[in-house]
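Naming convention: chains lettered A, B, ... in sequence-line order (proteins, then strands); numbering from 1 in each chain.
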Amino acid sequence: MPELPEVETVRLGLEPALCGHRFVQVVQRREDLRFPLPDRFTERLTGRRVERLARRAKYILIHLDDGQVLVVHLGMTGRFSVARRATQEVQLGNYSSEHGGNARHDHLVFVMSGGAVITYNDARRFGYMLLIPERDLAENAFMRGLGVEPLSAELNAAYLARRAFGKKIDLKTLLTDQRIVAGLGNIYVCEALFRAGLDPFKPASRLATSGGRPTARTERLVGAIKRVLGHAIRAGGSTLRDYKQADGRAGAFQNAFQIYGREGAPCLKPSCRGTVLRKSQGGRSTFYCPVCQR
DNA sequence: AAGAACTCCTGTTGGC
DNA sequence: TGCCAACAGGAGTTCT
(Lines give C-alpha, C1' and ligand atoms only; values in the text may rest on other atoms or scores of the structure.)
Protein backbone atom coordinates (compact mmCIF):
# COMPACT_ATOMS: atom_id res chain seq x y z
CA MET A 1 0.00 0.00 0.00
CA PRO A 2 0.71 3.50 -0.07
CA GLU A 3 2.62 4.40 3.05
CA LEU A 4 2.53 7.79 4.70
CA PRO A 5 4.20 9.80 1.89
CA GLU A 6 1.88 8.31 -0.72
CA VAL A 7 -1.21 8.90 1.40
CA GLU A 8 -0.14 12.47 2.04
CA THR A 9 0.44 13.00 -1.68
CA VAL A 10 -3.00 11.63 -2.49
CA ARG A 11 -4.53 13.90 0.15
CA LEU A 12 -2.84 16.92 -1.40
CA GLY A 13 -4.03 15.87 -4.85
CA LEU A 14 -7.62 15.48 -3.69
CA GLU A 15 -7.72 18.75 -1.80
CA PRO A 16 -8.48 21.12 -4.67
CA ALA A 17 -11.04 18.74 -6.16
CA LEU A 18 -12.87 18.23 -2.87
CA CYS A 19 -12.39 21.17 -0.56
CA GLY A 20 -15.30 23.59 -0.45
CA HIS A 21 -17.28 21.47 -2.92
CA ARG A 22 -20.38 19.34 -2.52
CA PHE A 23 -20.96 15.75 -3.52
CA VAL A 24 -23.40 16.12 -6.40
CA GLN A 25 -23.55 12.43 -7.21
CA VAL A 26 -22.04 9.32 -5.67
CA VAL A 27 -21.98 6.10 -7.65
CA GLN A 28 -21.38 2.96 -5.61
CA ARG A 29 -20.65 -0.11 -7.68
CA ARG A 30 -20.40 -2.70 -4.94
CA GLU A 31 -21.42 -3.24 -1.34
CA ASP A 32 -18.01 -3.79 0.11
CA LEU A 33 -14.33 -3.13 -0.17
CA ARG A 34 -12.38 -4.84 2.57
CA PHE A 35 -15.40 -4.28 4.79
CA PRO A 36 -18.97 -3.38 3.88
CA LEU A 37 -19.23 0.25 2.83
CA PRO A 38 -21.18 2.42 5.32
CA ASP A 39 -24.97 2.03 5.44
CA ARG A 40 -26.81 4.32 3.03
CA PHE A 41 -23.40 5.55 1.91
CA THR A 42 -24.41 7.41 -1.24
CA GLU A 43 -27.42 9.05 0.43
CA ARG A 44 -25.41 10.24 3.36
CA LEU A 45 -22.71 11.77 1.17
CA THR A 46 -24.84 13.35 -1.52
CA GLY A 47 -25.33 17.07 -0.92
CA ARG A 48 -22.63 17.26 1.74
CA ARG A 49 -19.89 19.86 1.41
CA VAL A 50 -16.27 19.04 2.17
CA GLU A 51 -14.76 21.36 4.74
CA ARG A 52 -11.21 20.09 4.92
CA LEU A 53 -8.95 17.13 4.32
CA ALA A 54 -6.63 15.83 6.98
CA ARG A 55 -4.49 12.77 7.44
CA ARG A 56 -3.84 10.50 10.37
CA ALA A 57 -1.29 7.74 9.83
CA LYS A 58 -2.28 6.16 6.51
CA TYR A 59 -5.87 7.37 6.73
CA ILE A 60 -7.27 10.26 4.71
CA LEU A 61 -9.86 12.16 6.74
CA ILE A 62 -12.46 14.03 4.72
CA HIS A 63 -14.35 16.36 7.05
CA LEU A 64 -17.92 17.12 5.96
CA ASP A 65 -20.23 20.01 6.76
CA ASP A 66 -22.58 17.84 8.83
CA GLY A 67 -19.94 16.90 11.37
CA GLN A 68 -19.24 13.53 9.82
CA VAL A 69 -15.87 12.37 8.57
CA LEU A 70 -15.28 10.16 5.57
CA VAL A 71 -12.31 8.04 6.60
CA VAL A 72 -10.41 6.36 3.77
CA HIS A 73 -7.71 3.75 3.94
CA LEU A 74 -6.17 2.81 0.60
CA GLY A 75 -5.05 -0.66 1.61
CA MET A 76 -2.50 -2.01 -0.86
CA THR A 77 -3.98 -1.00 -4.18
CA GLY A 78 -6.55 1.72 -3.53
CA ARG A 79 -6.20 4.83 -5.61
CA PHE A 80 -8.10 7.92 -6.55
CA SER A 81 -8.06 9.59 -9.90
CA VAL A 82 -9.40 13.04 -10.55
CA ALA A 83 -10.89 14.14 -13.85
CA ARG A 84 -13.10 17.02 -14.90
CA ARG A 85 -16.82 16.63 -15.34
CA ALA A 86 -16.50 17.61 -18.97
CA THR A 87 -14.86 14.29 -19.58
CA GLN A 88 -17.31 12.29 -17.50
CA GLU A 89 -18.99 10.53 -20.39
CA VAL A 90 -15.71 9.48 -21.82
CA GLN A 91 -14.66 8.35 -18.37
CA LEU A 92 -17.75 6.37 -17.59
CA GLY A 93 -17.28 4.49 -20.81
CA ASN A 94 -13.56 4.05 -20.58
CA TYR A 95 -11.90 4.55 -17.24
CA SER A 96 -8.93 2.43 -17.97
CA SER A 97 -7.57 4.92 -20.44
CA GLU A 98 -7.87 7.58 -17.75
CA HIS A 99 -5.95 6.08 -14.90
CA GLY A 100 -4.31 2.94 -16.18
CA GLY A 101 -6.31 0.63 -13.93
CA ASN A 102 -8.89 -1.94 -14.87
CA ALA A 103 -12.37 -0.37 -14.94
CA ARG A 104 -13.84 -3.43 -13.27
CA HIS A 105 -12.15 -2.27 -10.10
CA ASP A 106 -13.62 1.23 -10.21
CA HIS A 107 -15.78 0.78 -7.13
CA LEU A 108 -16.86 4.35 -6.42
CA VAL A 109 -17.28 7.54 -8.40
CA PHE A 110 -17.77 10.92 -6.72
CA VAL A 111 -19.04 13.81 -8.82
CA MET A 112 -18.29 17.13 -7.15
CA SER A 113 -20.00 20.50 -7.47
CA GLY A 114 -16.71 22.07 -8.55
CA GLY A 115 -16.64 19.86 -11.63
CA ALA A 116 -14.28 17.14 -10.49
CA VAL A 117 -15.08 13.48 -11.05
CA ILE A 118 -13.19 11.35 -8.61
CA THR A 119 -12.88 7.61 -9.14
CA TYR A 120 -11.81 5.15 -6.48
CA ASN A 121 -10.18 2.06 -7.96
CA ASP A 122 -8.95 -0.83 -5.81
CA ALA A 123 -8.05 -4.15 -7.40
CA ARG A 124 -7.34 -6.08 -4.22
CA ARG A 125 -9.99 -4.33 -2.14
CA PHE A 126 -7.83 -4.15 0.95
CA GLY A 127 -8.93 -0.55 1.21
CA TYR A 128 -11.91 0.60 3.26
CA MET A 129 -14.05 3.61 4.02
CA LEU A 130 -15.90 4.67 7.14
CA LEU A 131 -18.39 7.46 7.70
CA ILE A 132 -18.37 8.46 11.34
CA PRO A 133 -19.09 11.53 13.45
CA GLU A 134 -16.03 13.69 13.97
CA ARG A 135 -16.42 13.44 17.75
CA ASP A 136 -16.06 9.65 17.51
CA LEU A 137 -12.84 9.81 15.54
CA ALA A 138 -10.45 9.49 18.46
CA GLU A 139 -12.22 6.50 19.92
CA ASN A 140 -12.90 4.74 16.64
CA ALA A 141 -11.63 1.18 16.64
CA PHE A 142 -9.29 1.83 13.72
CA MET A 143 -7.88 5.08 15.09
CA ARG A 144 -7.79 4.40 18.80
CA GLY A 145 -4.61 2.41 19.07
CA LEU A 146 -2.52 4.31 16.54
CA GLY A 147 0.94 5.39 17.59
CA VAL A 148 2.58 8.77 17.10
CA GLU A 149 2.83 10.61 13.79
CA PRO A 150 6.40 10.12 12.62
CA LEU A 151 6.79 13.70 11.40
CA SER A 152 5.51 15.22 14.63
CA ALA A 153 7.60 16.10 17.65
CA GLU A 154 5.94 13.16 19.41
CA LEU A 155 8.28 10.84 17.57
CA ASN A 156 11.56 11.36 19.33
CA ALA A 157 14.30 9.20 20.73
CA ALA A 158 12.86 9.12 24.23
CA TYR A 159 9.48 7.93 22.97
CA LEU A 160 10.97 5.26 20.73
CA ALA A 161 13.26 4.01 23.49
CA ARG A 162 10.34 3.75 25.86
CA ARG A 163 8.21 1.80 23.39
CA ALA A 164 11.09 -0.47 22.38
CA PHE A 165 12.27 -1.15 25.90
CA GLY A 166 12.37 -4.86 26.68
CA LYS A 167 10.79 -5.82 23.34
CA LYS A 168 12.08 -9.04 21.85
CA ILE A 169 10.62 -8.42 18.43
CA ASP A 170 13.02 -7.30 15.76
CA LEU A 171 13.61 -3.69 14.87
CA LYS A 172 11.78 -3.77 11.58
CA THR A 173 8.67 -5.35 13.04
CA LEU A 174 8.59 -2.69 15.74
CA LEU A 175 8.72 0.10 13.20
CA THR A 176 6.01 -1.29 10.95
CA ASP A 177 3.69 -1.70 13.96
CA GLN A 178 1.13 1.09 13.54
CA ARG A 179 0.56 1.15 17.29
CA ILE A 180 4.10 2.39 17.83
CA VAL A 181 4.73 4.70 14.88
CA ALA A 182 1.75 5.30 12.62
CA GLY A 183 2.32 5.56 8.90
CA LEU A 184 5.48 3.62 8.20
CA GLY A 185 5.39 0.55 5.99
CA ASN A 186 7.80 -1.88 4.45
CA ILE A 187 9.60 0.46 2.06
CA TYR A 188 10.25 3.40 4.34
CA VAL A 189 11.26 1.21 7.26
CA CYS A 190 13.84 -0.49 5.02
CA GLU A 191 15.08 2.89 3.85
CA ALA A 192 15.21 4.43 7.33
CA LEU A 193 17.05 1.45 8.82
CA PHE A 194 19.59 1.55 6.01
CA ARG A 195 20.17 5.27 6.39
CA ALA A 196 20.56 4.87 10.14
CA GLY A 197 22.93 1.92 9.65
CA LEU A 198 20.82 -0.42 11.76
CA ASP A 199 20.25 -4.15 11.32
CA PRO A 200 16.52 -4.84 10.77
CA PHE A 201 16.82 -8.25 12.41
CA LYS A 202 18.27 -7.13 15.71
CA PRO A 203 15.92 -6.94 18.69
CA ALA A 204 14.02 -3.72 19.15
CA SER A 205 15.26 -3.52 22.72
CA ARG A 206 18.58 -2.29 21.36
CA LEU A 207 16.99 1.12 21.00
CA ALA A 208 16.96 1.51 24.76
CA THR A 209 19.52 1.22 27.52
CA SER A 210 18.88 -1.09 30.45
CA GLY A 211 17.27 1.90 32.08
CA GLY A 212 14.94 2.51 29.12
CA ARG A 213 16.85 5.57 27.90
CA PRO A 214 17.56 6.28 24.23
CA THR A 215 20.99 5.69 22.74
CA ALA A 216 22.89 7.26 19.86
CA ARG A 217 21.37 4.73 17.48
CA THR A 218 17.88 5.68 18.62
CA GLU A 219 18.63 9.29 17.75
CA ARG A 220 20.04 8.23 14.40
CA LEU A 221 16.97 6.20 13.60
CA VAL A 222 14.52 8.96 14.49
CA GLY A 223 16.45 11.39 12.30
CA ALA A 224 16.52 8.91 9.42
CA ILE A 225 12.77 8.25 9.63
CA LYS A 226 11.91 11.93 9.51
CA ARG A 227 14.34 12.70 6.72
CA VAL A 228 13.29 9.84 4.48
CA LEU A 229 9.58 10.60 4.90
CA GLY A 230 10.09 14.31 4.32
CA HIS A 231 12.13 13.66 1.22
CA ALA A 232 9.55 11.17 -0.09
CA ILE A 233 6.65 13.57 0.42
CA ARG A 234 8.50 16.30 -1.45
CA ALA A 235 9.06 13.82 -4.29
CA GLY A 236 5.35 12.95 -4.47
CA GLY A 237 5.76 9.49 -2.97
CA SER A 238 7.07 6.34 -4.62
CA THR A 239 5.47 4.56 -7.54
CA LEU A 240 5.99 0.81 -7.69
CA ARG A 241 3.08 -0.80 -9.37
CA ASP A 242 -0.29 0.42 -8.23
CA TYR A 243 0.28 3.71 -6.57
CA LYS A 244 -0.33 6.89 -8.51
CA GLN A 245 -0.90 10.44 -7.46
CA ALA A 246 -4.47 11.66 -7.75
CA ASP A 247 -3.65 13.42 -11.00
CA GLY A 248 -2.34 10.17 -12.45
CA ARG A 249 1.32 11.11 -12.32
CA ALA A 250 3.85 8.74 -10.87
CA GLY A 251 5.77 9.67 -7.75
CA ALA A 252 9.51 10.08 -8.00
CA PHE A 253 10.91 8.77 -4.75
CA GLN A 254 11.44 5.24 -6.07
CA ASN A 255 14.39 6.77 -7.89
CA ALA A 256 15.83 7.74 -4.54
CA PHE A 257 15.59 4.31 -2.95
CA GLN A 258 18.94 3.45 -1.46
CA ILE A 259 18.13 -0.09 -0.38
CA TYR A 260 14.57 -1.14 -1.28
CA GLY A 261 14.41 -3.31 -4.38
CA ARG A 262 18.20 -3.32 -4.81
CA GLU A 263 18.90 -6.98 -4.06
CA GLY A 264 22.29 -8.04 -5.39
CA ALA A 265 23.42 -4.48 -6.08
CA PRO A 266 26.35 -2.87 -4.29
CA CYS A 267 25.68 -1.00 -1.06
CA LEU A 268 25.52 2.74 -1.67
CA LYS A 269 27.27 3.76 1.54
CA PRO A 270 30.47 5.42 0.32
CA SER A 271 33.00 3.32 2.14
CA CYS A 272 31.00 0.08 2.23
CA ARG A 273 31.87 -2.93 0.04
CA GLY A 274 28.69 -4.82 0.93
CA THR A 275 26.02 -6.26 -1.34
CA VAL A 276 22.31 -5.66 -0.73
CA LEU A 277 20.46 -8.75 0.47
CA ARG A 278 16.78 -9.56 0.52
CA LYS A 279 15.34 -11.70 3.27
CA SER A 280 11.78 -12.52 4.18
CA GLN A 281 10.81 -11.05 7.52
CA GLY A 282 7.32 -11.48 8.85
CA GLY A 283 6.19 -12.58 5.42
CA ARG A 284 7.58 -9.63 3.52
CA SER A 285 10.81 -8.63 1.93
CA THR A 286 13.46 -6.84 3.91
CA PHE A 287 16.30 -5.28 1.93
CA TYR A 288 19.46 -4.55 3.86
CA CYS A 289 23.23 -4.39 3.74
CA PRO A 290 24.72 -6.98 6.10
CA VAL A 291 28.00 -5.08 6.20
CA CYS A 292 27.03 -1.60 7.29
CA GLN A 293 23.71 -2.26 9.03
CA ARG A 294 24.70 -3.52 12.47
C1' DA B 1 -0.01 -11.26 26.65
C1' DA B 2 3.45 -10.97 23.25
C1' DG B 3 4.47 -12.59 19.02
C1' DA B 4 3.76 -15.52 14.97
C1' DA B 5 0.73 -17.22 11.48
C1' DC B 6 -3.12 -16.75 8.73
C1' DT B 7 -6.39 -14.11 6.16
C1' DC B 8 -8.77 -11.01 2.82
C1' DC B 9 -8.26 -10.22 -3.00
C1' DT B 10 -6.29 -9.61 -7.63
C1' DG B 11 -2.52 -8.73 -10.68
C1' DT B 12 2.17 -9.22 -12.21
C1' DT B 13 6.44 -11.40 -12.77
C1' DG B 14 9.81 -14.84 -13.26
C1' DG B 15 11.12 -19.60 -13.91
C1' DC B 16 10.58 -23.76 -16.39
C1' DT C 1 3.35 -19.48 -25.51
C1' DG C 2 1.54 -21.59 -21.33
C1' DC C 3 1.33 -22.75 -16.67
C1' DC C 4 2.27 -22.23 -11.95
C1' DA C 5 4.36 -20.49 -7.88
C1' DA C 6 5.93 -16.58 -5.58
C1' DC C 7 5.33 -12.01 -4.53
C1' DA C 8 3.20 -7.20 -3.92
C1' DG C 9 3.45 -1.01 -0.49
C1' DG C 10 -1.45 -3.49 4.83
C1' DA C 11 -3.20 -4.88 8.93
C1' DG C 12 -7.15 -7.16 11.56
C1' DT C 13 -8.02 -11.63 13.52
C1' DT C 14 -6.84 -15.93 15.33
C1' DC C 15 -3.53 -19.07 17.09
C1' DT C 16 0.10 -20.62 20.37
Side-chain angles (χ1 to χ4, degrees), chain A residues 1-10 29-37 55-60 71-80 96 99-107 120-130 140-147 150 163-193 200-201 203-205 228-229 232-233 235-245 250-257 259-264 278-287:
Chain A
M1 128 173 170
E3 304 181 31
L4 189 151
E6 290 74 37
V7 175
E8 180 61 15
T9 302
V10 170
R29 294 223 164 81
R30 55 178 302 136
E31 289 301 303
D32 62 307
L33 297 173
R34 175 167 186 180
F35 307 113
L37 282 158
R55 181 190 55 75
R56 170 74 172 112
K58 300 174 189 170
Y59 294 88
I60 296 170
V71 179
V72 180
H73 194 294
L74 301 172
M76 293 271 251
T77 53
R79 62 195 194 191
F80 285 103
S96 50
H99 58 54
N102 188 326
R104 62 189 283 240
H105 301 307
D106 286 347
H107 307 309
Y120 178 76
N121 179 289
D122 189 351
R124 289 173 76 179
R125 296 205 308 279
F126 284 174
Y128 47 99
M129 297 191 189
L130 317 169
N140 177 268
F142 293 100
M143 304 280 139
R144 203 171 37 206
L146 289 175
R163 296 301 301 264
F165 180 69
K167 285 262 194 328
K168 296 192 180 85
I169 53 168
D170 52 60
L171 211 41
K172 188 189 170 202
T173 304
L174 179 93
L175 294 176
T176 49
D177 186 340
Q178 302 300 298
R179 295 169 300 183
I180 312 278
V181 182
L184 298 177
N186 198 42
I187 291 181
Y188 294 105
V189 167
C190 287
E191 290 293 324
L193 286 171
F201 297 91
S205 58
V228 77
L229 291 179
I233 290 173
S238 310
T239 295
L240 269 79
R241 25 190 98 205
D242 300 296
Y243 166 77
K244 284 268 175 32
Q245 300 184 40
F253 192 72
Q254 65 282 2
N255 302 316
F257 287 168
I259 194 83
Y260 187 85
R262 298 192 63 251
E263 182 182 17
R278 180 170 72 100
K279 249 197 202 169
S280 183
Q281 191 174 16
R284 67 191 21 146
S285 293
T286 295
F287 295 88

Please determine whether side chain to side chain donor-acceptor pair (under 3.5 Å) holds for the pair Ser238(A) and Gln254(A), giving the CA-CA distance in whole Å, both sets of side-chain angles, and the decisive distance to 0.1 Å.
CA-CA 5 Å; Ser238(A) 310; Gln254(A) 65 282 2; 4.7 Å; no
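- Remark: Arg125(A) is not in phosphate contact with dT7(B), judged by side-chain N or O atoms under 4.0 Å from OP1 or OP2.
- Side-chain proximity of Met76(A) to the nucleotides dG3(B), dA8(C), dA11(C) is greatest for dA8(C).
- Applying the ring pair (Phe, Tyr, Trp, His ring centres under 6.0 Å) criterion to Phe126(A), with sequence neighbours excluded, gives no partner residue.
- Between Phe35(A) and Phe142(A), the ring planes are tilted. Angles from 30° to 60° get that label.
- For the P atoms, the distance from dC3(C) to dC9(B) is 25 Å, rounded to whole Å.
- Look at the P atom in both dG12(C) and dG11(B): the space between them is 24 Å, to the nearest Å.
- Counting to the nearest Å, the C1' atom of dG9(C) and the CD atom of Gln281(A) are 16 Å from each other.
- The separation of dT12(B) from dA11(C), taken at their C1' atoms, amounts to 22 Å, rounded to a whole angstrom.
- Considering only the side chain of Tyr260(A), dA8(C) comes nearest among dA8(C), dG11(B), dC9(B).
- Atom-to-atom, CG of Asp122(A) to P of dA11(C) comes out at 13 Å; the value is rounded to the nearest Å.
- Partners of Tyr260(A) according to the ring pair (Phe, Tyr, Trp, His ring centres under 6.0 Å) rule, which considers only residues two or more places apart in sequence or in another chain, are Phe257(A), Phe287(A).
- Nucleic acid contact for Ser285(A): sugar-phosphate only, since backbone atoms but no base atoms lie under 4.0 Å from a heavy atom of the residue.
- At dA6(C), none of the side-chain N or O atoms of Arg284(A) fall inside 4.0 Å of OP1 or OP2 (strictly under the cut-off).
- With sequence neighbours left out, the salt bridge (Lys or Arg N to Asp or Glu O under 4.0 Å) criterion links Arg125(A) to no other residue.
- At least one side-chain nitrogen or oxygen of His73(A) sits closer than 4.0 Å to the OP1 or OP2 atom of dA11(C).
- Taking a pair as Watson-Crick or G-U wobble with both distances under 3.5 Å, the runs of three or more consecutive pairs in DNA chain C are B:2-8 with C:10-16, B:10-16 with C:2-8.
- Classification of Arg124(A) and Asp122(A) as a salt-bridged pair fails, no side-chain N sitting under 4.0 Å from a carboxylate O.
- For the OP1/OP2 pair of dA2(B) and a distance below 4.0 Å, the side-chain nitrogens and oxygens of Lys168(A) include no atom meeting the criterion.
- Stacking of Lys172(A) on the aromatic ring of Phe201(A) is not recorded, the 6.0 Å distance cut-off and the 45° axial limit not both being met.
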Do any N or O atoms of the protein come closer than 3.5 Å to N or O atoms of nucleotides 12-16 of chain C, and which pairs are they?
{"from": "dG12(C)", "atom 1": "O4'", "to": "Arg34(A)", "atom 2": "NH2", "distance (Å)": "3.4"}

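- Remark: ring of Phe126(A) stacked against base of dG10(C); centroid gap under 5.5 Å, plane tilt under 30°.
- Listed pair Tyr188(A) / dG9(C) fails the phosphate criterion, with no side-chain N or O lying under 4.0 Å from OP1 or OP2.
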Polar atoms only, N or O, under 3.5 Å: list the protein pairs with nucleotides 3-5 of chain C and their distances.
none

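- Using a 4.0 Å cut-off between charged nitrogen and carboxylate oxygen, Asp177(A) and Arg179(A) count as a salt-bridge pair.
- Taking the P atoms as reference points, dG3(B) lies 23 Å from dG9(C), given to the whole Å.
- An OP1 or OP2 oxygen of dA11(C) is reached within less than 4.0 angstrom by a side-chain nitrogen or oxygen of Lys58(A).
- Residue Arg179(A) is out of contact with every strand shown, counting any heavy-atom pair closer than 4.0 Å.
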